[in-house]
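Below you'll find the structure, written out as structure tokens, and then a few comments.
Both backbone and side-chain heavy atoms feed into the values below; hydrogens, waters and symmetry mates do not. Residues take their numbers from the sequence shown, with the count starting at 1.
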Amino acid sequence: MSVIRVVSYNIHKGRTATGGRESLEDLKLHLYQLSPDLLFLQEVQGRNDLVATLDAQHELLGAVLRMQSAYGCNAIRQHTDHGNALLSRFPILYFENEDVSDHRMEQRGLLHAVVQIEDRHVHCVVVHLGLFAGGRSRQIQALVDRINRLVPEDEPLVIAGDFNDWNNRLAPIFVKQLGLYEVFSFAPELYASSRFKLRQPMQWLRNPAVSRAADLTTPQLGIDGNARLTPPPKTFPAAFPFLRLDRIYQRGFAVRSARVLRGAPWKHISDHAPIVTELELP
């Protein structure tokens, strides 16, 4: 049995949401303190010919965190490019980036990697879907087709990233077609952890029950496929989250905990808040 910590984070190309200040130094420090085992990163700059400190961000973070890295280049500019990245404490056996761009203005990709955890192959897919509903539907269909074609049903699977799905319309597709469940839909422990401390708004600390009742606004699909009300993980904008853009879906694991990291220092590092979950691999 293995317990792994998974983090999904849109890092905004290594710059803060306001002012455009470089945030990689803060990112390195606070990700190191989180001790992730798998990092699903979006908006990662693989190349920056103008600012050397923003170049090869996946390699820089991998070196600091002592993790292997895989990068999928999606958007290519004259002096820069960016895309998705997976960082792993476990061996990365294979990775491939599939272009799912829906139109010329938005380059998108699915970064699919296979990592080895003990004697198991675990499939990891990093996604950053488009801004338009029609494009997201076509990109999700490409994802479903890829998984049905390349991922055996008995091998664990994690899909994480920035889905831009603020209306939560994609969850039924994952449940019905792939048997995947968002970690928040049945995480047993949402606000506390024995392994690390998180800052929560003061009203939660004073009366968690009231806060939870007030936040039960988004129906989720539970493990039995039925609707279930859980606190929605609002992740954007990081300073005052009110949109539900980021997700972690899984199958083949038991979910120990899941939470969004809000407040300082995360609201200063990127325009998205990261999601952290602890998954138990039987």
- Step-by-step ring pair (Phe, Tyr, Trp, His ring centres under 6.0 Å) determination, His123 to His112: CA-CA 7 Å; His123 293 258; His112 177 193; 5.2 Å; yes

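- For the pair Leu86/Val115, a side-chain contact is recorded, criterion being any heavy-atom separation below 4.5 Å from C-beta on.
- With rounding to the nearest 0.5 angstrom, the CZ atom of Phe132 is 13.5 Å from the OG atom of Ser137.
- Between Phe40 and the options Val7, Ile248, Val158, a side chain to side chain contact (heavy atoms under 4.5 Å, CB included) holds for only Val158.
- Among residue pairs with one or both ends in residues 132-143, those qualifying as salt bridge (charged side-chain N to carboxylate O under 4.0 Å, His left out) are Asp102-Arg138; sequence neighbours excluded.
- In this structure, the separation between OG1 on Thr16 and CD on Glu22 is 9.5 Å, given to the nearest 0.5 Å.
- Considering all non-hydrogen atoms of both residues, Phe90 and Ile4 come closest at CZ-CG2, 3.6 Å.
- When atom types are taken as modelled, the side chain of Ser8 and the backbone of Gly161 share a donor-acceptor pair closer than 3.5 angstrom.
- Smallest separation of non-hydrogen atoms from Ser270 and His12: OG-CB, 3.4 Å.
- Inter-residue side-chain proximity for Thr235 and Ile275 is flagged as met; some heavy-atom pair is nearer than 4.5 Å.
- For Asp26 and Arg21, the salt-bridge test passes: some basic side-chain N is under 4.0 Å from an acidic carboxylate O.
- A distance-only check finds a donor-acceptor pair linking the side chain of Gln250 to the backbone of Phe253 [under 3.5 Å].
- A search for salt bridge (charged side-chain N to carboxylate O under 4.0 Å, His left out) contacts involving Glu25 returns Lys28, not counting sequence neighbours.
- When every heavy atom of Pro36 is checked against every heavy atom of Met67, the shortest pair comes out as O-CE, 3.7 Å.
- Under the 3.5 Å distance criterion, with hydrogens and angles disregarded, no donor-acceptor pair is assigned to the side chains of Asp162 and Tyr9.
- In terms of modelled atom types and a separation under 3.5 Å, the side chain of Asn164 and the main chain of Leu129 share a donor-acceptor contact.
- A distance-only check finds no donor-acceptor pair linking the side chain of Arg262 to the backbone of Pro274 [under 3.5 Å].
- Of the inter-residue distances, the one linking Ser185 atom OG with Phe174 atom CZ reads 12.5 Å to the nearest 0.5 angstrom.
- Cluster partners of Tyr94 are Leu93, Val114, counting Ile, Leu, Val, Met, Phe, Trp and Tyr whose side-chain heavy atoms approach within less than 4.5 Å, directly or via other members.
- For Glu96, the salt bridge (charged side-chain N to carboxylate O under 4.0 Å, His left out) partners at least two apart in sequence or on another chain are Arg146.
- Judged by distance alone, the side chain of Asn84 and the main-chain N or O of Leu111 form no donor-acceptor pair under 3.5 Å.
- Looking at Val122 and Cys124, their side chains come closer than 4.5 Å, going by heavy atoms from C-beta outward.
- Closest of all the heavy-atom pairs between Tyr71 and Asp81 is OH-OD1, 2.6 Å.
- Judged by distance alone, with hydrogens and angles left aside, the side-chain atoms of Thr80 form no donor-acceptor pair with the main-chain N or O of Arg77 at under 3.5 Å.
- A donor-acceptor pair is defined here as one N or O able to donate and one able to accept, closer than 3.5 Å; such a pair exists between the side chain of Arg5 and the backbone of Leu34.
- Centroid-to-centroid, the aromatic rings of Tyr249 and Phe163 come within less than 6.0 Å.
- The CG atom of Leu38 sits 8.5 Å away from the CG atom of Leu279 when rounded to the nearest 0.5 Å.
- Judged purely by atom type and a 3.5 angstrom limit, Gln116 has no side-chain atom pairing as donor or acceptor with the backbone of His121.
- Looking at heavy atoms from C-beta onward, Val255 lies in side-chain contact with Thr277 at the 4.5 angstrom threshold.
- The structure places OG of Ser2 at 9.0 Å from CG of Asp37, a figure rounded to the nearest 0.5 Å.
- Side-chain contact check for Ser101 and Gln107: no donor-acceptor pair (N or O, by modelled atom type) lies under 3.5 Å.
- Between Val51 and Arg15 the shortest side-chain heavy-atom distance falls below 4.5 Å.
- Residues Lys234 and Pro241 share a closest heavy-atom pair of O-CB, 3.3 Å.
- By the salt bridge (charged side-chain N to carboxylate O under 4.0 Å, His left out) test, Asp49 pairs with Arg47, sequence neighbours left out.
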- Task: Apply side-chain hydrogen bond (donor to acceptor under 3.5 Å, both in side chains) to the pair Asp99 and Asn74, showing each step before the final yes or no.
- Result: CA-CA 7 Å; Asp99 185 359; Asn74 297 329; over 6 Å; no

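- Between the side chain of Gln42 and the main chain of Val44, no donor-acceptor pair closer than 3.5 Å is present.
- Within 6.0 Å of the CZ atom in Arg66, the count of heavy atoms belonging to other residues, nucleotides or ligands does not exceed 12.
- Applying the salt bridge (charged side-chain N to carboxylate O under 4.0 Å, His left out) rule to Arg120 yields no partners; only residues at least two apart in sequence or on another chain are considered.
- One side chain, Glu278 or Ser257, offers a donor N or O that lies under 3.5 Å from an acceptor on the other.
- Residues Phe240 and Leu243 do not share a hydrophobic cluster, clusters being chains of Ile/Leu/Val/Met/Phe/Trp/Tyr side chains in contact below 4.5 Å.
- For the pair Ile159 and Leu110, the minimum side-chain heavy-atom distance is 4.5 Å or more.
- A 4.5 Å side-chain heavy-atom check between Gln57 and Leu54 finds at least one atom pair inside the cut-off.
- The distance from the CD1 atom of Ile11 to the CG atom of Leu61 is 6.0 Å, given to the nearest 0.5 Å.
- Under the 4.0 Å criterion applied to side-chain N and carboxylate O atoms, Glu43 and Lys13 are not assigned as salt-bridge partners.
- Salt bridge status for Asp165 with Arg244: absent, with no side-chain N to carboxylate O gap under 4.0 Å.
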- Query: So Asp246 and His272, side-chain hydrogen bond (donor to acceptor under 3.5 Å, both in side chains) or not? Walk me through it.
  - Reply: CA-CA 8 Å; Asp246 303 271; His272 286 246; 2.9 Å; yes

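- Side-chain contact check for Val125 versus Val127: some heavy-atom pair is nearer than 4.5 Å.
- Scanning both residues, Ile269 and Ser23, for their nearest heavy atoms gives O-OG, 3.0 Å.
- Under a 3.5 Å cut-off, the side chain of Asn167 and the backbone N or O of Arg169 do not form any donor-acceptor pair.
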